[in-house]
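Working notes, beginning with the structure itself.
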Amino acid sequence: SIWPVKMEPDTHIWISSKFGVRRSPFNKKRWEKHNGLDISSRYGTPLVATADGTIADIGKDRYLGNFIEIRHSDKFSTLYGHMCRFAKGMKKGTKVKRGDVIGYMGKTGRATGSHVHYEVRVNGNPVNPADYILNRRPSTRGKE
């Protein structure tokens with residue numbers, strides 16, 4: 001798959017939180033499991049489908065804010081959270097192609113700044129998204 005953030009020459013993106021156990025960004029003393037990658041950039045940066053699929057769920061969640069889940073096969077799905085808004089025409093059942101803009105980076109839900117929470121799920125279980133991204137990795141900045 002590709003990065004969920006549209007890679008434009010003038011757009012600086014970085015990983016603000018990795019997959020796995022981390023200190024809570026809200027309570028620095030508590031450890032918690034983080035089921036995805038948090039990828040940060042400027043508010044409104046376009047987000048893209050990382051592989052062909054169908055929108056399985058779209059809506060608003062208390063924690064993820066505005067989110068989209070894309071089903072790629074019986075085995076694989078991806079989840080994108082904290083969007084400021086969805087791209088035009090996005091709804092449950094919409095077919096998307098790899099690289100299609102699906103929404104825009106925001107800070108809805110439980111978020112400390114502009115980013116996308118990106119998950120890859122195999123048979124419904126979150127796995128490290130970094131293991132599935134084929135193109136070059138952006139810089140890592142801030143606490144992990």
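The basis for the numbers below is simple: all heavy atoms, side chains too, and nothing from hydrogens, waters or symmetry mates.
Using a 4.5 Å heavy-atom cutoff, the side chains of P4 and T78 are not in contact.
To the nearest 0.5 Å, the span separating OG1 on T54 from NE2 on H72 amounts to 9.5 Å. One finds the CD1 atom of I13 at 6.0 Å from the CD1 atom of I39 (value rounded to the nearest 0.5 Å). Here NE2 of H12 is found 12.0 Å from CZ of R42. Values are rounded to the nearest 0.5 Å. Atom CZ of residue F86 and atom CG of residue N66 lie 4.5 Å apart, to the nearest 0.5 angstrom.
The shortest heavy-atom contact between S114 and M105 is OG-CG, 3.5 Å. Between G36 and P129, the shortest heavy-atom distance links the atoms CA-CG, 4.2 Å. I70 and A49 make their closest contact through CD1-CB, 3.9 Å (heavy atoms, listed as atom of the first residue, atom of the second, distance). The nearest pair of heavy atoms linking R71 to A56 is CB-CB, 4.1 Å.
M90 and L64 are not part of a single hydrophobic cluster, where members link through side-chain heavy atoms under 4.5 Å apart. Residues Y80 and Y43 fall into different hydrophobic clusters, defined by Ile, Leu, Val, Met, Phe, Trp and Tyr side chains chained together at heavy-atom separations under 4.5 Å. I58 and F67 are members of different hydrophobic clusters when ILVMFWY side chains are connected at heavy-atom separations under 4.5 Å.
A donor-acceptor contact shorter than 3.5 Å is absent between the side chain of H115 and the backbone of S41. One N or O on the side chain of T108 and one on the backbone of M83 form a donor-acceptor pair closer than 3.5 Å.
Checked options L79, L37, V5, T45; the residue passing with V116 is V5 (criterion: side-chain contact (heavy atoms from CB on, under 4.5 Å)).
Listed by first and then second residue, the side-chain hydrogen bond (donor to acceptor under 3.5 Å, both in side chains) pairs involving residues 118-134 are T50-Y118, H117-E119, E119-R121 (not counting sequence neighbours).
Residue V101 shares its hydrophobic cluster (ILVMFWY side chains chained together at separations under 4.5 Å) with I2, V48, Y104.
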